[in-house]
Amino acid sequence: MLDIKVLRDNPDAVKAGAIKKRLADRVQAVDRALAIDAELRAMIPGLDALRSEQKNFGKTMGKLSPAERETALARQKDLKAEIGALEEREKTLRAELEQQLALVPNVPDPEVPDGKDDTENVEVKRHGQVRTFDFTPRAHYDLAEAQGWVDFLRAANMAGSRNYILFGDLALLHDAVLRFAVELMVQRGFVPVDPPLLVRDQAMFGTGFFPGGEEQTYRCERDGLNLIGTAEVPVTSLHGGEMLTEDQLPKKYVARSACFRREAGTHGKDTRGLYRVHQFQKVEQVVIDVADQERSIRHHHDIVANAEALLQACDLPYRIVAVCGGDLGVPQAMKYDIETWMPSRNAYCETHSASRFYDYQARRLDLRYRPKDGGKVQFCHTLNNTVIASPRVLIPLLENHQLPDGRVVVPAALRPYLGGREVLGKPLG
RNA sequence: GGUGGGGUGGCAGAGUGGCCUAAUGCGGCAGUCUUGAAAACUGCAGUUGGCGCAAGUCAACCGAGGGUUCGAAUCCCUCCCCCACCGCCA
């Protein structure tokens with residue numbers, strides 16, 4: 001949610017932002033919001049004056065003669081009807097304003113590259129050597145199935161497509177990388193959180209997933225609850241509705257959680273293997289801090305660096321892209337994706353997504369703080385980034401670290417989580 | 001699931017139809033005193049919106065939404081949440 005004042009002062013910039021995000025259909029929400037705002041502001045002074053008159057009546061009533069009292073009461077009746085009608089209109093307008101304002105996307109920062117979709121994201125950094133194989137490397141699904149580490153068929157039978165069952169060492173590796181990720185973040189001062197996975201609509205709305213993301217979300221209709229697609233939702237909502245004090249900030253949280261995504265509209269895309277699945281585990285980092293653009297940008301770089309540290313510790317080649325306007329979501333002001341090299345796909349593929357929102361989420365969540373210097377109450381800034389998502393990260397781990405015989409080398413950083421083992425699997429024929 | 005008690009400003013906590021324009025305390029800010037700090041004292045101060053260059057001024061807000069009333073923090077209804085006890089249960 002943007003401040004209505006931003007729309008008033010700079011409607012063209014807000015509209016240009018929506019167009020840069022390729023959300024042209026939401027441009028009209030700006031004009032609608034402004035029209036409603038104008039009507040509200042035109043009627044409020046009159047309404048306030050009437051309410052003022054009504055309110056003052058109680059003080060004078062006692063001094064009136066019976067006859068005067070009669071006329072005064074008649075006037076009060078009129079006032080009541082008049083105020084009632086105006087309040088009805090005000091209520092409708094405020095609801096509509098809220099609705100339109102909720103549709104207005106956050107304005108992308110100037111540094112966000114122009115572009116229509118993820119093919120036009122701009123690489124800003126590349127790290128690590130892409131491995132060249134002197135044997136024919138196996139794709140992770142072939143390798144894992146041959147090792148008896150994964151079963152897609154039985155998973156599909158019991159749960160439908162885009163599901164998987166991990167077994168044995170791969171189940172352990174999955175857990176190892178997640179545990180490593182949590183510990184790394186705890187070392188870096190983040191507070192571990194184990195949040196609810198089923199949340200109310202307000203949390204989905206507050207983080208900007210609703211309206212718009214309903215189709216991607218599993219919903220428990222009879223309880224009115226939604227399964228989270230990322231721990232960003234409950235963790236960013238953690239202090240929703242609260243008034244924090246500046247000395248409580250920044251809040252840095254790390255949450256490991258299961259994540260659920262319907263992947264509607266992706267039929268036929270990435271159907272093979274562990275890349276695009278309905279349920280996965282993710283370690284997510286969330287930062288909540290004061291309303292300071294420069295600090296937000298610094299946090300943004302920090303949370304990217306945290307993810308990089310993890311990938312480097314796992315000896316995985318990756319690159320960072322600045323996500324272009326057309327690939328940016330509604331609530332983000334700027335986003336970096338980290339893409340890790342996946343030999344079977346012969347490409348760098350998204351494994352991390354680091355976003356900064358400024359106060360867009362905080363406004364929707366009513367997440368505020370009181371500045372130290374006694375200044376005006378402010379909305380917080382929020383950011384988040386993946387630390388690791390598995391099983392997706394198992395793809396590069398298996399494929400980049402495979403041996404010619406189908407065994408897999410464990411990166412040194414993960415060995416403590418696997419009983420010190422350096423290699424997983426048995427030699428394949 | 002059942003019964004009962006609650007939800008008031010940053011926090012605690014008074015307030016059962018009209019001087020509530022929400023007491024009081026804590027915390028916060030400014031000042032006096034002090035080498036500095038603490039204590040003490042004095043003053044300022046809720047949030048949101050409208051109008052205004054500003055001082056200011058008007059309105060809304062007492063968990064959410066409806067209702068009764070000339071008038072609601074206060075009475076009624078629905079919902080949400082918290083606490084206590086009982087039942088069931090991982």
Side-chain angles (χ1 to χ4, degrees), chain A residues 1-9 33-102 194-206 210 220-226 234 237-249 251 258 288-291 359 362-380:
Chain A
M1 188 99 68
L2 292 173
D3 191 341
I4 184 68
K5 287 174 190 154
V6 172
L7 273 69
R8 279 180 209 152
D9 297 345
L34 285 171
I36 297 164
D37 180 54
E39 188 178 344
L40 264 171
R41 291 211 288 168
M43 71 176 289
I44 290 299
L47 176 58
D48 279 357
L50 291 174
R51 283 202 274 228
S52 183
E53 186 185 344
Q54 181 184 53
K55 217 171 148 179
N56 281 315
F57 177 72
K59 296 176 188 168
T60 53
M61 191 166 116
K63 302 175 193 143
L64 299 177
S65 70
E68 285 170 327
R69 178 172 300 209
E70 191 95 354
T71 29
L73 274 172
R75 171 66 184 148
Q76 280 296 100
K77 289 245 185 203
D78 290 346
L79 271 179
K80 188 190 181 183
E82 215 173 329
I83 290 171
L86 284 172
E87 282 184 336
E88 192 65 30
R89 181 70 186 145
E90 184 198 12
K91 207 178 67 187
T92 309
L93 287 175
R94 287 203 189 281
E96 282 172 8
L97 178 60
E98 195 78 359
Q99 209 178 336
Q100 294 303 319
L101 215 43
D194 190 344
L197 309 182
L198 279 166
V199 299
R200 291 228 170 93
D201 290 342
Q202 168 54 29
M204 299 299 291
F205 174 84
F210 290 176
C220 303
E221 190 55 56
R222 60 181 172 174
D223 296 301
L225 295 171
N226 309 283
S237 303
L238 216 158
H239 298 288
E242 293 184 28
M243 180 87 72
L244 303 171
T245 55
E246 185 171 345
D247 57 9
Q248 291 176 277
L249 297 170
K251 296 273 190 191
I288 301 169
D289 203 355
V290 295
D359 64 4
R363 278 179 188 281
R364 290 170 165 241
L365 289 164
D366 190 25
L367 167 52
R368 298 176 297 170
Y369 71 98
R370 196 179 289 284
K372 252 193 173 72
D373 61 14
K376 265 184 75 71
V377 169
Q378 303 275 325
F379 288 100
C380 295

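Below, chains carry the letters A, B, ... as their sequence lines are ordered, and counting in each starts from 1.
Side-chain atoms of A:R51 never come within 3.5 Å of backbone atoms of A:I83 as a donor-acceptor pair (strictly under, hydrogens ignored). Using a distance-only test at 3.5 Å, with no hydrogens or angles considered, no donor-acceptor pair links the side chain of A:E87 to the main chain of A:G84. For A:Y369 (side chain) and A:D289 (main-chain N/O), no donor-acceptor pair under 3.5 Å exists by modelled atom type.
Applying the side chain to side chain donor-acceptor pair (under 3.5 Å) criterion to A:D366, with sequence neighbours excluded, gives A:R368. For A:E98, there are no salt bridge (Lys or Arg N to Asp or Glu O under 4.0 Å) partners, not counting sequence neighbours. Annotation: side chain to side chain donor-acceptor pair (under 3.5 Å) contacts of A:Q202 (sequence neighbours excluded): none. For A:K91, the salt bridge (Lys or Arg N to Asp or Glu O under 4.0 Å) criterion is met by A:E88, not counting sequence neighbours. Partners of A:R370 by salt bridge (Lys or Arg N to Asp or Glu O under 4.0 Å), not counting sequence neighbours: none found.
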Enumerate donor-acceptor pairs with a distance under 3.5 Å from any side-chain N or O in residues 33-50 of chain A to protein atoms, sequence neighbours excluded.
unit_1 : atom_1 : unit_2 : atom_2 : d
A:D37  : OD1    : A:R8   : NH2    : 3.1
A:D37  : OD2    : A:R8   : NE     : 2.7
A:D37  : OD2    : A:R8   : NH2    : 3.4
A:E39  : OE1    : A:R89  : NH2    : 3.1
A:E39  : OE2    : A:R89  : NE     : 3.0
A:E39  : OE2    : A:R89  : NH2    : 2.8

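Listed by first and then second residue, the salt bridge (Lys or Arg N to Asp or Glu O under 4.0 Å) pairs that reach into residues 237-247 of chain A come to none, sequence neighbours excluded.
Residue A:R8 has a polar side-chain atom (N or O) positioned under 4.0 Å from OP1 or OP2 of B:G50.
Nucleotides B:C11 and B:U16 place their C1' atoms 25 Å apart, quoted to the nearest Å. Comparing the P positions of B:U8 and B:G4 gives a spacing of 22 Å, expressed to the nearest Å. Nucleotides B:A73 and B:G17 are separated by 13 Å at their P atoms, to the nearest Å. Here the separation of B:C33 from B:U47, taken at their C1' atoms, is 35 Å to the nearest Å. To the nearest whole angstrom, the two C1' atoms, one in B:A12 and one in B:C88, are 37 Å apart. Taking the C1' atoms as reference points, B:G15 lies 8 Å from B:A23, given to the whole Å. Rounded to whole Å, the P atom of B:G5 lies 44 Å from the corresponding atom of B:U57. Rounded to the nearest Å, the gap between the C1' atom of B:C61 and that of B:G9 is 10 Å.
Going from atom CE of A:M1 over to atom C1' of B:U48 covers 14 Å, rounded to whole Å. In this entry the distance linking CD of A:E246 with C1' of B:G27 reads 16 Å, nearest Å. Atom CD of A:Q248 is separated from atom C1' of B:G28 by 14 Å (rounded to the nearest Å). As a whole-Å value, the separation of A:Q378 CD from B:G10 P is 15 Å. Taking atom CD on A:E242 and atom P on B:G9, their separation rounds to 13 Å, with Å as the unit. In this structure, A:L40 atom CG and B:U48 atom P are separated by 18 Å, rounded to whole Å. Taking atom CG of A:L249 as the reference point, atom P of B:G10 lies 16 Å away to the nearest angstrom. Taking atom CE of residue A:M243 and atom P of nucleotide B:C11, one finds them 8 Å apart after rounding to whole Å.
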Check nucleotides 75-80 of chain B against the protein and report each pair of N or O atoms closer than 3.5 Å, with its distance, or say if there are none.
unit_1 : atom_1 : unit_2 : atom_2 : d
B:C80  : O3'    : A:R200 : NH2    : 2.7

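If you check B:A23 for Watson-Crick or wobble pairing at under 3.5 angstrom, you find it has no partner at all. Look at B:A84: its Watson-Crick or wobble partner, with both distances under 3.5 angstrom, is B:U3. The partner of B:A37 is absent, by the rule that a Watson-Crick or G-U pair needs both atom distances under 3.5 Å. Partner assigned to B:G52 is none, using Watson-Crick or G-U wobble distances below 3.5 angstrom. B:A30 is paired with B:U42 under the criterion used here, namely a Watson-Crick or G-U wobble arrangement in which both key atom distances are under 3.5 Å. With a cut-off of 3.5 Å on both Watson-Crick or G-U wobble distances, the partner of B:U78 is given as B:A64. A 3.5 Å limit on both hydrogen-bonding distances identifies no Watson-Crick or G-U partner for B:U69.
Taking the charged nitrogens against the carboxylate oxygens, A:D9 and A:K5 have no contact shorter than 4.0 Å, which rules out a salt bridge.
Across residues 365-372 of chain A, A:R368, A:R370 each have a non-hydrogen atom less than 4.0 Å from an atom of RNA chain B (numbered order).
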- Going 5' to 3' along nucleotides 55-69 of chain B, which nucleotides have protein heavy atoms under 4.0 Å from the base (write B), which only from the sugar-phosphate (write S), and which from neither (write -)? ---BSS-----S--B
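When each of A:T245 and A:R41 is assigned the nucleotide of RNA chain B with its nearest heavy atom, A:T245 is the one assigned upstream, toward the 5' end.
Side-chain contact between A:V199 and A:S237: absent, with no pair of heavy atoms (C-beta onward) separated by less than 4.5 Å. The closest side-chain heavy-atom distance from A:V290 to A:Q378 is not below 4.5 Å.
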- Audit row: A:R364, A:F379, side-chain contact (heavy atoms from CB on, under 4.5 Å) steps and yes/no: CA-CA 10 Å; A:R364 290 170 165 241; A:F379 288 100; over 6 Å; no
